[in-house]
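Within every chain, numbering begins at 1; the chains are lettered A, B, ... in the order of the sequence lines, protein sequences first and strands thereafter.
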Amino acid sequence: MSVIVRFAPSPTGYLHIGSARTALFNWLFARHYGGKMLLRIEDTDRARSTQEAVEAIYKGLEWLEIGWDETPVHQFDRKDRHIEVAKDLLAKGMAYYCYCTPEELETMREEARAKKLPPRYDGRWRDRSPQEAPEGVNPVIRFKAPQTGDTVIHDLVQGEVRVSNQQLDDMILLRADGTPTFNLSVVVDDHDMGITHIIRGDDHLTNMFRQFSIFKAMEWDVPYYAHIPLIHGPDGAKLSKRHGALGVEAYRDMGFLPEALRNYLLRLGWSHGDDEVISTKEAIQWFDLDHVGKSPARFDFVKLTNLNGHYLREADDNRLVNLVVPFIEKKYEIPVNADARNFLHRGMAGLKQRAKTLLELVENSLFYIAPQPLNEAAQKILNEEGLQILKVMESRLSCFPEDSWTEAKLEEYIRGIAEERELTLTKATQPLRAALTGKNVSPSVFDIMYVLGKDKTLERVRAILQ
RNA sequence: GUCCCCAUCGUCUAGAGGCCUAGGACGUUGCCCUUUCACGGCAGCAACGCGGGUUCGAAUCCCGCUGGGGACGCCA
């Protein structure tokens, strides 16, 4: 049997980080088994679904480099088929019309709650004749759920999950306005799309039982289920916007790399021995449902950031330049010309090992684009003594041959000057660093001087000396 | 309230009865490397929620408690 999974988000907002993880797990599972991952937009809630959200989902998945197979299915387009199945269930006597009004149901629930009973529909129209229907009430169609016994399902992550059928009430299949509800649509679509494995958040665990009953009533093959635990915030509560339930594009804007986010999300709830840094190739090779944990994990920005630093250091210089430039132009409104771009490119090797996010990288790159104002520490370095040293450097560097202007030769030269003046290397280089970058912290000064070239280096040093 | 699920360092986790004086990673502390800062290296601190069983032996199995989470819509 070839594996077919689906990622089925509802387009009511951005692509939430938890959904992104669900998508990732589905994708890895499909790739691992050489199967397909289909995309289904669950847009049956017309009031809340938006086209912007649909776009956000596509964009988010694209940014994460999680591809899907075939044309996405829009659930609402399949409404007629869902209705057809509901009618079929009705004809088979496995569903019935219910004439309760929303108000009636509300009082039913309130009474149940008052008696400390679970708030559920009591099935009052289950065996009543439609002849008794009150006038002017559009009925809903309810599913005749099994009332006795237990339903036992073997979930690939949760193990054997059992629930008493008394816990399940008769869910609504078709609303009073004739539109299908979620549980019906999902089952029909999963069946029609040939889904073999349903991998989704464990907030759907109870839906599994309802959906299972519909599969059985229709005599359809039931797919395998895998309910993965939800992601929690740092405080252990459900992930909220406050702590990270942001759209993936927010992570992009915070300067994270997609491969870092994927790696982080993968390790949140899944493990492969002691492996932490896992390439996509390895992830596909290793991913399985057996090693998905059952307990919810807390989202940890610090660890994500660390992982991002790793992937930043590993990233290709050219790619990084391409990522950094738009940030600079947008955030700092500094146009990046060809010269500046070239500096960035040549300086990237030194730059990238000192940043954990793209934002940091951008911030640290700025001095290559244009001279930066001295920060407090740089001003301190350039005190009387520092300026003296800088003056020496200026005159000595002026007569340093341009064709020897390389990192290694510059280092040798400046080490010589320091020795001759009985200065520590730190004393000798810090004024240069401050003058060149405006900061006390930066990549190697020799590297910077080399990248900037003799003219630009001296130009900046002289600007400080004036 | 009812039902379901979960429980190892601060966090993510390894661990499927003896390999555990519980391993790795992030974070943290100290040291080394070093032109600054990073990177890297080394070392340290740090956990099996509690109580009962089962067993020669339990982090691992069973029960209870406690704590956390999720679900109970004409939302998905």
Contacts of type salt bridge (charged side-chain N to carboxylate O under 4.0 Å, His left out), residue A/Arg142, not counting sequence neighbours: none

Polar atom pairs (N or O), protein with nucleotides 61-66 of chain B, under 3.5 Å:
none

Qualifying residues under side-chain hydrogen bond (donor to acceptor under 3.5 Å, both in side chains), relative to A/Asp447, sequence neighbours excluded: none

Tell me which donor-acceptor pairs under 3.5 Å the side chains of residues 202-209 of chain A have, and how far apart each pair is, sequence neighbours excluded?
unit_1: A/His204; atom_1: ND1; unit_2: A/Asn207; atom_2: ND2; d: 3.1

Pairing residues for A/Asn263 by the side-chain hydrogen bond (donor to acceptor under 3.5 Å, both in side chains) criterion, not counting sequence neighbours: A/Tyr311

A/Phe212: which of A/Val152, A/Val163, A/Ile153 passes side-chain contact (heavy atoms from CB on, under 4.5 Å): A/Ile153

Closest to side chain of A/Thr426, choosing from B/U36, B/G70, B/C3: B/U36

Test side-chain hydrogen bond (donor to acceptor under 3.5 Å, both in side chains) applied to A/Glu422 - qualifying residues, sequence neighbours left out: none

Set of residues satisfying salt bridge (charged side-chain N to carboxylate O under 4.0 Å, His left out) with respect to A/Lys303, sequence neighbours excluded: A/Glu276

Residues that A/Glu363 engages under salt bridge (charged side-chain N to carboxylate O under 4.0 Å, His left out), provided they are two or more places apart: none

A/Thr44 side chain near B/A76 phosphate (N/O to OP1/OP2, under 4.0 Å): yes

Would you list the protein and nucleotides 39-41 of chain B atom pairs, both N or O, that sit under 3.5 Å from each other?
unit_1: B/C39; atom_1: O3'; unit_2: A/Arg313; atom_2: NH1; d: 3.4

For nucleotides 31-34 of chain B, tabulate all protein N/O to nucleotide N/O atom pairs closer than 3.5 Å, reporting atom names and distance.
none

Collect all protein-nucleotide pairs involving nucleotides 8-18 of chain B in which both atoms are nitrogen or oxygen and the distance is under 3.5 Å.
unit_1: B/C12; atom_1: OP1; unit_2: A/Arg298; atom_2: N; d: 3.1
unit_1: B/C12; atom_1: O2'; unit_2: A/Arg267; atom_2: O; d: 2.9
unit_1: B/C12; atom_1: O2; unit_2: A/Lys303; atom_2: NZ; d: 3.3
unit_1: B/U13; atom_1: OP1; unit_2: A/Gly269; atom_2: N; d: 2.7
unit_1: B/U13; atom_1: O3'; unit_2: A/Ser271; atom_2: OG; d: 3.2
unit_1: B/A14; atom_1: OP1; unit_2: A/Ser271; atom_2: OG; d: 2.8

Pairs touching residues 291-300 of chain A that satisfy side chain to side chain donor-acceptor pair (under 3.5 Å), sequence neighbours left out: A/Asp288-A/His291

